Amino acid sequence: MPLKPVPKDTHELRFELHHQLVTLYRDFFDRLVEADLRDGDAARLAQRILLSRQEALKQLVDPEELPAYAQLYPDDLEEEA
């Protein structure tokens with residue numbers, strides 16, 4: 001009889017989603033840098049995206065979970081420093 005996979009804890013799923021969102025936003029900002037936009041338009045879009053990023057990420061990893069998150073995704077926290 002095959003073994004059932006062990007279910008993930010909610011923190012593992014939240015950490016994974018947080019990491020995927022960090023990657024998504026990083027990739028989008030790379031595209032924004034390469035876009036042919038006027039400075040004012042690029043600044044306004046960047047501000048909106050930063051606010052979106054902040055709101056999307058703030059509920060996923062609690063401050064006391066940051067050391068555990070950093071062990072799994074150390075590059076993500078280096079970007080925020």
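Here the structure is a predicted model, which means the values were calculated and not measured.
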Practice task
Measure the shortest side-chain to side-chain distance between Arg26 and Val22 over non-hydrogen atoms and say whether it is less than 4.5 angstrom.
Solution key: yes

Exercise for the section: Check for a donor-acceptor pair, side chain of Ser52 on one end and backbone N or O of Arg48 on the other, with a separation under 3.5 Å. Expected result: no

Fill in the blank from the handout: Applying salt bridge (charged side-chain N to carboxylate O under 4.0 Å, His left out) to Arg38 and not counting sequence neighbours gives Asp41

Fill in the blank from the handout: Those residues at least two apart in sequence (or on a different chain) that pass salt bridge (charged side-chain N to carboxylate O under 4.0 Å, His left out) with Glu55 are Lys58

Practice task
Can you establish whether the number of heavy atoms outside Asp27 located under 6.0 Å from its atom CG is more than 12?
Solution key: yes

Problem - Summary of ring pair (Phe, Tyr, Trp, His ring centres under 6.0 Å) pairs that have at least one residue in residues 43-64, sequence neighbours excluded - result: none

Donor-acceptor contacts under 3.5 Å from residues 59-68 side chains, at least two apart:
| residue | atom | partner | partner atom | Å |
| --- | --- | --- | --- | --- |
| Glu65 | OE1 | Arg14 | NH1 | 3.0 |
| Glu65 | OE1 | Asp62 | N | 2.8 |
| Glu65 | OE2 | Arg14 | NH2 | 2.7 |

Handout entry: Residue pairs involving residues 38-60 (criterion ring pair (Phe, Tyr, Trp, His ring centres under 6.0 Å); sequence neighbours excluded)
Key = none

Exercise for the section: Quick one: list whatever passes side chain to side chain contact (heavy atoms under 4.5 Å, CB included) with Ala56, sequence neighbours left out. Expected result: Leu21, Tyr25

Handout entry: Non-neighbouring partners of Tyr69 that pass ring-ring contact (aromatic ring centres under 6.0 Å, His included), sequence neighbours left out
Key = Phe15, His18, Tyr73

Fill in the blank from the handout: In short, Ala42 meets Leu32 closest at the heavy-atom pair O-CD2, 4.2 Å

Handout entry: With sequence neighbours excluded, residues passing ring-ring contact (aromatic ring centres under 6.0 Å, His included) with Phe28
Key = none

Fill in the blank from the handout: Distance col, row Leu17:CG vs Thr10:OG1, nearest 0.5 angstrom, shows 12.0 Å

Practice task
For Ala70, check side chain to side chain contact (heavy atoms under 4.5 Å, CB included) against everything at least two apart and list the hits.
Solution key: Leu77

Practice task
Not counting sequence neighbours, which residues clear side chain to side chain contact (heavy atoms under 4.5 Å, CB included) with Gln71? List them please.
Solution key: none

